[in-house]
Amino acid sequence: MPCYSSLPALIRDAAPRTPLLCLSPRRITERVRLFRAHFPGETSWAVKSNPHPRVVQAIVDAGIRTFDVASRQEIDLIRHHCPSATLHFNHPVKTPDDIAYAIHAAGIRSFVIDSPEELEKIDITVDSMESGLRSVITLTIRFRSKNAAGTGNYNFDEKFGIPPQEAAALLQLAAHRGYRTGLTFHPGSQNRRPESYALSIETARDIAGRAFPQGEAALSHLNIGGGFPCAYPGGSGPSLHCYFKAISQAASDLACPLVCEPGRALVAESTSLLTRINLRRKDDSRLYINDGIYGSLMEAAFVDFQPPARAYSADGAAFPEDEPREAFQVWGATCDSLDRLRQPVCLPSAIRTGDFIEFGMMGAYSNATATRFNGIEPAGLVGVEEIAPWSADAKHA
Ligand SMILES: Cc1ncc(COP(=O)(O)O)c(C=O)c1O
């Protein structure tokens, strides 16, 4: 992977014509350290947030050894980079083939379910293999964290999760069938209410108390999901320390191990997207760039937050601080009219065709979701030693 000292140096040396994701692995190390220092349990990582091999390697180098995987491809990816890793197959709906592959070929012993039907599916697959397997497999029941409603940009409870009153029965059923058991919830990505984690931890205790005489002590773990936010502009949300504090208080006397599986929070701030302006019409506030919602910026089409942005001239120089600025409408690289950023971007008024825009906090759900629509290749990835801080960075960490 080519590596540059900074984005301006990259522009000066390479003047890239295609979009580039610029990764600073050091930033991943810092985020992992933060979680490992302050989260009161084990930090695993949701691979779906960025399966680029260089990002996976940075996560492994930073010391993460436990992963949330959602497919056979993610299993293979992690086994390649970290053969001894502990994998949790936390997609609540799996194919029988993928369950068999996970158990047999990849040695996975931990699965999430949220229905008796998925339990049946696992029963059939497990029973077709060696005997005694049930007793070494943990089935983690995903419940709906009703407390989290409205706290994230994605509500993760519409698609998956069983209501708490049914979760106790499913826990009992799984235990009765001879499995180890756990509980999990996901409080919504880019969650903005630390207390929603605490409330859902209470719900988990309650579910376990209804299912087992010894309560949560009977569980292999409580996995509180991901959802930890990044400091996108305009969101004066609580810092990560508020989340760690709320979770630590709620889990201070928890009788089972606690796990989290952030995606965004470990990788988003490690990467900037460098795009080039393909066209600015004369005296017009529309900019046409060489990436867009069918590429690295897909998430911006669906959520109410947008990455921070700053401009460089075609030779890599920053625009002077006192340069007049205005709001631009940014259009993506395809012919589709949907391919635009939802919110205007404030940039120097003098910006023109051939200049560059850096979008920050682009290390999660960027290359992971990029398509080749219109025949346009997704952004490549290069290394950078430094990403200049965004104004909200300091407040956040
Ligand atoms: C089961 C599960 N865990 C963790 C995550 C990571 O969420 P986030 O990136 O908001 O931390 C996701 C995201 O889709 C998920 O589905």
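For ligands, and for the atoms within them, numbers begin at 1 and follow the listed sequence. What's counted below: heavy atoms across the whole structure, side chains too, no hydrogens, waters or symmetry copies.
- Contact annotation: the side chain of L338 approaches that of Y294 to within less than 4.5 Å [non-hydrogen atoms, C-beta and beyond].
- Side-chain atoms of Y179 and D123 include a donor-acceptor pair closer than 3.5 Å.
- Listed by first and then second residue, the ring pair (Phe, Tyr, Trp, His ring centres under 6.0 Å) pairs that reach into residues 201-224 are H88-H221, sequence neighbours excluded.
- Remark: R310 CZ to I357 CD1 distance equals 12.5 Å, nearest 0.5 Å.
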Can you list every pair where an N/O of ligand 1 is under 3.5 Å from an N/O on the protein?
unit_1	atom_1	unit_2	atom_2	d
ligand 1	3 (N)	D68	OD2	3.3
ligand 1	3 (N)	E261	OE2	2.7
ligand 1	7 (O)	H186	NE2	3.0
ligand 1	9 (O)	R264	N	2.9
ligand 1	9 (O)	Y365	OH	2.5
ligand 1	10 (O)	S189	OG	2.5
ligand 1	10 (O)	G227	N	3.1
ligand 1	11 (O)	G227	N	2.8
ligand 1	11 (O)	G263	N	2.9
ligand 1	16 (O)	K48	NZ	3.4

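- A donor atom on one side chain and an acceptor atom on the other are not found under 3.5 Å apart for T184 and N90.
- Residues D13 and Y4 bring no donor and acceptor atom of their side chains to less than 3.5 Å of each other.
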